[in-house]
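Structure, as structure tokens:
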Amino acid sequence: MVKAVIAIHGGAGAITRSAMSAEKEQQYRQALTDIVTHGQTMLAQGASAMDAVTEAVRLLEECPLFNAGKGAVFTHQGTHELDACVMDGRTLDVGAVAGVSRIRNPVLAARAVLENSSHVLFIGAGAEAFAASHHIEQVEPDFFSTPARWEQLQRALSSDEMLLDHDGAAQHQDDDPLDPDRKFGTVGAVALDANGNLAAATSTGGMTNKQVGRVGDSPLAGAGCYADNESVAVSCTGTGEVFIRTLAAYDIAAQMRYDGRSLQQASVNVIHDKVLELGGSGGLIAIDRAGNVALPFNSEGMYRGFARVGEPAEVAIYRES
Ligand code: ASP
């Protein structure tokens with residue numbers, strides 16, 4: 001029997017250690033530890049990989065430290081547009097929503113699409129209507145707003161950039177260990193359950209100062225989210241356009257299946273070669289069908305953690321070396 005395991009991420013980006021307080025770092029570590037341990041407990045109690053990743057991402061969405069659900073970034077026009085995706089490696093079923101602004105937990109709407117629709121991806125008002133018809137909680141759009149994200153938009157507007165410009169000098173007010181102007185706050189989870197099933201979930205507010213209607217990789221199966229029991233479960237964070245162009249998540253599965261590469265080889269190739277070559281920044285979490293875990297990123301840090309059933313959870317923010 002395989003040993004069940006879950007991995008989570010809370011986005012990747014640049015580190016400004018000078019802006020970091022020990023207290024804030026501790027908050028991030030605690031949130032990551034609590035959420036990954038919760039997923040581990042679910043798996044130990046026999047939960048499916050799909051249930052474990054959905055709940056882990058729901059908890060990450062609820063945590064305002066991360067750019068998904070509450071605490072989501074603002075568009076150029078000062079609104080919020082959220083995207084999410086879940087994929088079941090057992091059946092290759094996918095559910096996703098994009099450009100929603102009234103669904104408290106987009107991952108639950110994505111799950112409802114997977115379970116209740118023959119469609120894969122709903123957008124905007126149609127996604128919200130579908131979610132409402134399945135009793136998914138709705139909120140007013142300003143539910144997602146936080147003062148820190150508003151500040152972030154004002155800085156982006158004054159520099160006229162879509163923030164994720166890794167060359168921009170950030171002047172930020174809070175003490176987030178990852179520079180909030182230069183980090184990707186998408187959240188995600190991947191898991192392997194005791195029955196050998198893989199699942200992945202990804203949820204995001206997107207990128208600060210993005211144009212209304214812009215959709216990144218997060219809700220797109222194969223780009224920002226992918227799971228196939230034959231190979232691997234993957235959730236990405238980073239420059240969405242590049243993760244779409246490289247089909248980053250699926251490329252890992254393809255390299256493993258068709259080229260016989262190990263999880264480590266395939267995920268390092270995608271993040272450090274393919275994504276980087278197109279000017280993309282970010283990282284991903286992945287678990288293969290044997291339970292191997294890879295957490296590569298080409299940015300300076302990535303909020304991440306994983307926990308095998310029966311073993312202590314491990315969480316990290318910065319590069320190990
Ligand atoms: N990948 C996300 C997007 O492009 C951003 C992120 O990872 O924070 O929408």
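Being a predicted model, the structure only gives us computed values, none of them experimental. Counting starts at 1 for both ligands and their atoms, following the listed order.
- Ligand 1 lies nowhere less than 4.0 angstrom from a heavy atom belonging to G224.
- Side chain to side chain, N105 and E62 meet the donor-acceptor criterion of an N or O pair below 3.5 Å.
- Every N/O-N/O distance between M207 and ligand 1 stays at or above 3.5 Å.
- Residue T237 approaches ligand 1 through these ligand atoms, each under 4.0 Å from one of its heavy atoms: 6 (C), 7 (O), 8 (O).
- Using modelled atom types, one finds no donor on one side chain facing an acceptor on the other under 3.5 Å when comparing N269 with Q265.
- Placement of I271 and V190 in two distinct hydrophobic clusters is found when ILVMFWY residues are connected by side-chain heavy-atom separations under 4.5 Å, directly or transitively.
- With hydrogens and angles ignored, the 3.5 Å screen pairs no side-chain donor or acceptor of Y250 with any backbone N or O of Y226.
- Salt bridge status for R214 with D83: absent, with no side-chain N to carboxylate O gap under 4.0 Å.
- Heavy-atom distances between S218 and ligand 1 reach below 4.0 Å in at least one pair.
- Counting heavy-atom neighbours within 6.0 Å of H119 NE2, excluding the residue itself, gives a total of 12 or less.
- The distance from ligand 1 to the heavy atoms of D217 drops below 4.0 Å at these ligand atoms: 1 (N), 2 (C), 3 (C), 4 (O).
- In this structure, a donor-acceptor pair under 3.5 Å is absent between the side chains of S281 and T239.
- Comparing heavy-atom distances from atom 5 (C) of ligand 1 across T186, V242, T239 singles out T186 as nearest.
- Close N/O approach between G216 and ligand 1 is not found [any backbone or side-chain N/O within under 3.5 Å].
- Not a single heavy atom of G282 sits under 4.0 Å from any atom of ligand 1.
- Assignment of R214 to the shell around ligand 1 is supported, since a heavy atom sits closer than 4.0 Å.
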